[in-house]
Structure formats: C-alpha cells, structure tokens
Amino acid sequence: MGKVLLTGGSGFIAAHVIDILLEHGFETVVTVRSEDKGRRILEAHPNTPKEKLSYVIVEDVAAEGAFDEAVKSNPPFDYVLHTASPFHFNVQDPVKDFLDPAIKGTTGVLKAVKAHAPSVKRVVITSSFASIINAKKHPSVYTEKEWNPITWEEAMDHSNVYRASKTFAEKAAWDFVKNEKPNFDIATINPPLVLGPIVHYLNSLEAINTSNKRIRDMIQGTTKEKLPPTGTFIWVDVRDVALAHVRAIEVPEAGGQRFFVTAGHFSNKDLADIIRETYPDLESKLPPKDSPSDIPADIYGIDNSKSVNVLGLNYRSLKNSVADTVKSLLAVGA
Ligand code: NDP
C-alpha cells in the first residue's frame with residue numbers, strides 16, 4: 001500500500017486506474033486540468049473518504065515546472081503513474097499539440113519527482129504499442145524488445161505524430177533514468193488499441209475517447225454502408241491496462257521494464273460480429289454482415305508473456321470487452 005499521484009485523472013484509462021488503486025487500498029491523488037474535472041471525479045466516488053481520493057490542478061503538462069508543486073504532498077508520495085498525454089487526431093501543430101506535451105510532460109514529471117519527491121520509489125508511464133511498432137517492417141513476433149524507428153522529420157506528418165509522440169516520450173524517460181540516475185526506477189505499460197467500458201461521469205458521446213470511437217460509430221450507424229479499415233490489428237481491454245499500471249507498482253520485479261500488454265489480434269469485422277451477436281437489436285445500424293475481414297493472413301505475431309508472468313495479467317476476451325463497451329455507450333444514449 002502507499003500513496004500514489006496519478007496524472008491525467010480525467011482520461012478514459014485513468015478512470016479505471018483510479019478504481020483499481022482505491023480497491024487495492026492506495027491513497028490516490030489525481031492531476032486534472034480544471035476544478036470542474038476534479039470535482040466530477042470526487043462526485044463519482046461519494047463513499048470514498050477525502051484522505052483516500054483528492055485532486056490537484058496541472059493545467060498543461062508541457063509547461064516548465066508543471067509538476068513541481070503537484071509531486072509535493074504530506075504524507076509524501078510513494079509512487080507516480082503518468083498517463084496524461086494527448087490522444088486524438090485533431091492535429092494543428094505537431095510540436096505544440098503532441099510532441100511537447102508527450103515529451104516535456106514525461107520528462108517534467110521525472111524531473112519534478114527527482115527534485116521534490118525523494119520518497120517516490122517508482123514512476124509508471126503509460127507508453128504505447130505506438131513506441132514498439134515498426135510499420136515499415138514488422139518483425140515476425142512483437143515483444144518489448146522492439147522500438148518504433150520513427151524520426152523527428154517523419155513525425156511532422158500529421159498521420160505519424162501521435163505514434164512519434166509516444167516513442168520519443170518513452171525514449172526520453174529511459175534516457176532520463178540512464179543519465180540522471182534518480183532514486184526511483186520506472187516501468188512502462190505499452191498497450192495497443194484500448195477498448196472497454198467508458199465511465200459515465202466523464203464522457204459524453206461527442207467527447208468519447210479516441211480508441212472507443214469505432215464502436216460508437218458502429219452502433220450509431222455511421223459505418224453502416226462500409227466497414228472501415230481496422231488499422232492496428234491488436235487490442236486490449238481498458239480494465240486489464242488499468243490493472244497492469246497498479247501491478248507495476250505492486251510487483252517489485254516490474255521496475256526497469258517495459259510491458260507489452262495486449263489480449264490478441266482483432267479486426268473491425270470481429271467487433272461488428274460480436275455486436276451483432278450480443279445486441280441483435282442493433283443489426284440495422286451495423287456494417288454489412290458479409291463485409292470481409294481485412295486482417296492479413298501473414299499478420300505479425302505477439303508475445304505478451306512478460307505481462308502475464310511478471311504482472312499476473314489474465315486478459316479479458318474481445319467478446320466480453322465489446323459487449324461491456326456497447327452497454328456503457330447505450331447507457332449514455334448511443
Ligand atoms: P484520454 O484522451 O481519455 O486521456 C488523456 C488524458 O491526458 C486526459 O486526462 C487529458 O486531459 C490529459 N492530457 C492530454 N494533454 C494534456 C496536457 N497538455 N496537459 C494536461 N493533461 C493533458 O485518452 P486515454 O485514456 O486513451 O489515454 C491515456 C494514455 O494512454 C495516453 O498516454 C495515451 O497515449 C495512452 N494510450 C492509449 C491507448 C488507447 O487506445 N486509448 C493506447 C495506447 C496508449 P483532458 O481530459 O483534460 O483533456
């Protein structure tokens with residue numbers, strides 16, 4: 001047990017991390033960008049005493065010294081979980097919108113912990129499969145050993161910048177530990193597409209998190225005419241990603257490691273077929289039943305054994321994840 005600072009508390013993944021931290025007995029302080037977002041988190045946990053859950057404001061993770069005050073606490077923090085990073089496809093300025101908040105946000109947390117929070121033993125960073133994937137030359141099996149070879153120049157292409165932001169941010173974190181030799185260690189959680197139930201107090205259908213949009217679009221009939229391309233063919237449930245973050249502070253051997261957390265392959269056709277089976281009333285909204293799957297026959301393999309062996313993850317099935325996601329979306333009016 002101990003006390004945890006969780007950045008980006010208003011996010012899709014972070015909302016589930018909060019629940020697991022509280023269940024496991026951690027005192028939890030989240031950073032949010034506004035009072036309003038902080039208040040909504042507290043209101044969603046009416047039975048949690050305020051010494052167990054509270055918030056501090058960090059308006060912009062990219063600002064110099066953004067975390068200097070947030071990491072100071074009494075009693076002091078034992079762990080930091082850094083999830084805050086932009087994830088959307090509305091790119092205006094690649095550097096300002098993505099690269100700065102991802103990279104400076106990550107190094108800013110690490111610098112602040114080193115300078116002002118000597119009690120912190122570990123910082124867990126939400127990285128991504130984006131920093132593992134080699135889109136130009138997939139290996140036969142992906143493991144934690146792979147790194148996305150993307151360059152700064154390639155990052156200026158708007159379609160690449162999210163993946164680049166995650167790659168450079170994670171590299172900067174490992175470099176920080178190597179060069180600065182702080183008193184804490186780090187671990188990274190590297191999920192691919194994260195599906196799973198949304199928490200109702202944070203999400204409207206318009207503001208839904210990026211990775212669940214394809215399910216919202218299917219059940220609202222937006223993709224009725226044509227099944228959209230899948231993109232990345234691997235996925236994981238948000239509750240397993242959240243548990244991975246908490247296990248990464250609970251399990252001593254997780255220090256110094258990357259964790260590729262994925263439940264397996266999927267395609268958008270699988271999502272549509274599961275919705276068809278579990279919510280037959282939605283049939284008329286779904287992409288055509290005979291749409292072919294776009295998953296390549298020679299799709300790369302994946303090895304998630306480290307997350308199973310070290311963190312003890314037991315991955316949820318796609319059917320369970322999609323059914324629960326649809327249920328949560330219908331509950332907010334989809
Ligand atoms: P969300 O968009 O729901 O959460 C992102 C969080 O980061 C929000 O709390 C957001 O605050 C905060 N944030 C973004 N930019 C800033 C900034 N400049 N200053 C302060 N806070 C900021 O997305 P997810 O929950 O899906 O993502 C969480 C993490 O997981 C990210 O690091 C993302 O890269 C990573 N990830 C997500 C995957 C997915 O499929 N969902 C896959 C792999 C990795 P606000 O709500 O106020 O905007």
Side-chain angles (χ1 to χ4, degrees), residues 7-8 11-14 17 61-62 81-91 93-107 109 124-139 141-175 186-196 209-214 229-238 240-242 244-245 248 257-268 299-304 306-307:
T7 73
F12 163 58
I13 294 176
V17 177
V61 294
L81 303 185
H82 179 53
T83 76
S85 205
F87 182 29
H88 55 78
F89 294 109
N90 177 24
V91 190
D93 177 335
V95 176
K96 198 162 148 284
D97 297 343
F98 279 87
L99 296 164
D100 275 355
I103 303 166
K104 292 184 183 171
T106 303
T107 53
V109 172
V124 176
I125 296 162
T126 318
S127 187
S128 174
F129 179 58
S131 64
I132 292 180
I133 191 170
N134 183 349
K136 286 187 204 141
K137 194 173 183 303
H138 296 294
V141 177
Y142 275 108
T143 70
E144 288 85 356
K145 292 197 181 77
E146 311 295 330
W147 273 95
N148 186 338
I150 197 158
T151 63
W152 189 266
E153 199 182 4
E154 287 166 336
M156 296 306 123
D157 178 335
H158 291 193
S159 64
N160 288 334
V161 68
Y162 170 70
R163 282 181 172 174
S165 76
K166 299 304 288 180
T167 306
F168 299 148
E170 191 191 330
K171 277 198 175 140
W174 291 113
D175 284 348
I186 67 168
T188 67
I189 305 298
N190 296 62
L193 184 84
V194 182
L195 302 173
N209 67 288
T210 303
S211 51
N212 272 332
K213 275 187 179 144
R214 64 183 70 201
T230 305
T232 303
F233 295 98
I234 54 175
W235 77 285
V236 62
D237 185 275
V238 66
D240 294 331
V241 175
H245 283 76
Q257 306 223 43
R258 300 175 98 188
F259 292 97
F260 178 29
V261 294
T262 179
H265 295 99
F266 86 108
S267 73
N268 280 348
I299 185 74
Y300 46 79
I302 48 169
D303 179 356
N304 64 7
K306 187 153 86 163
S307 68

The side chain to side chain donor-acceptor pair (under 3.5 Å) partners of Asp93 (sequence neighbours excluded) come to none
Quick check against the 3.5 Å criterion: does [X] have a side-chain atom that pairs as donor or acceptor with the backbone of [Y]?
{"X": "Asn268", "Y": "Pro229", "result": "yes"}
{"X": "His158", "Y": "Phe89", "result": "no"}
{"X": "Thr210", "Y": "Phe87", "result": "yes"}
{"X": "Thr7", "Y": "Ala84", "result": "yes"}

I want to check something: taking the side chain as every heavy atom from C-beta on, are Ile150 and Phe168 in contact at a cut-off of under 4.5 Å? yes
Sorted by chain and residue number, the salt bridge (Lys or Arg N to Asp or Glu O under 4.0 Å) partners of Lys136 (sequence neighbours excluded) come out as Glu154
Taken in chain and number order and not counting sequence neighbours, the residues that satisfy salt bridge (Lys or Arg N to Asp or Glu O under 4.0 Å) with Asp100 are Lys104
Which value, rounded to the nearest 0.5 Å, describes the distance between [X] atom [atom1] and [Y] atom [atom2]?
{"X": "Thr232", "Y": "Ile133", "atom1": "OG1", "atom2": "CD1", "value": "5.0 Å"}
{"X": "Glu146", "Y": "Asn190", "atom1": "CD", "atom2": "CG", "value": "12.0 Å"}
{"X": "Asp237", "Y": "Thr262", "atom1": "CG", "atom2": "OG1", "value": "11.5 Å"}
{"X": "His88", "Y": "Phe98", "atom1": "NE2", "atom2": "CZ", "value": "4.0 Å"}
{"X": "Thr126", "Y": "Ile13", "atom1": "OG1", "atom2": "CD1", "value": "6.0 Å"}
{"X": "Ile234", "Y": "Ser267", "atom1": "CD1", "atom2": "OG", "value": "13.5 Å"}

> What do the steps show when you test Met156 against Val95 for side chain to side chain contact (heavy atoms under 4.5 Å, CB included), and what is the final call?
Replying inline: CA-CA 8 Å; Met156 296 306 123; Val95 176; 4.0 Å; yes
In short, salt bridge (charged side-chain N to carboxylate O under 4.0 Å, His left out) pairs touching residues 163-175 with sequence neighbours left out are Glu170-Arg258
What heavy-atom pair brings [X] and [Y] nearest, and what distance separates the two atoms?
{"X": "Ala102", "Y": "Ala169", "result": "O-CB, 3.4 Å"}
{"X": "Phe266", "Y": "Arg214", "result": "CZ-NH1, 3.7 Å"}
{"X": "Ile103", "Y": "Ser165", "result": "CG1-O, 4.4 Å"}
{"X": "Pro94", "Y": "Ala155", "result": "CB-O, 4.1 Å"}
{"X": "Ala242", "Y": "Val17", "result": "CB-N, 3.6 Å"}
{"X": "Leu195", "Y": "Ser211", "result": "CD2-O, 3.4 Å"}

Please test Tyr162 against Val91 for side chain to side chain contact (heavy atoms under 4.5 Å, CB included), starting from the C-alpha separation and ending with a verdict. CA-CA 9 Å; Tyr162 170 70; Val91 190; over 6 Å; no
- Task: Count the heavy atoms belonging to other residues, nucleotides or ligands that lie under 6.0 Å from NZ of Lys213, then report whether that count exceeds 12.
- Result: yes
Residue set satisfying ring-ring contact (aromatic ring centres under 6.0 Å, His included) with Phe129, at least two apart, ordered chain then number -> Tyr142, Phe260
For Phe233, the ring-ring contact (aromatic ring centres under 6.0 Å, His included) test, sequence neighbours excluded, returns none
- List the steps, then state whether side chain to side chain contact (heavy atoms under 4.5 Å, CB included) holds for Trp152 with Leu99. CA-CA 10 Å; Trp152 189 266; Leu99 296 164; 3.8 Å; yes
message: If you apply the rule side chain to side chain contact (heavy atoms under 4.5 Å, CB included), what do you find for Ile189 with Val124, and how did you get there?
response: CA-CA 7 Å; Ile189 305 298; Val124 176; 3.8 Å; yes
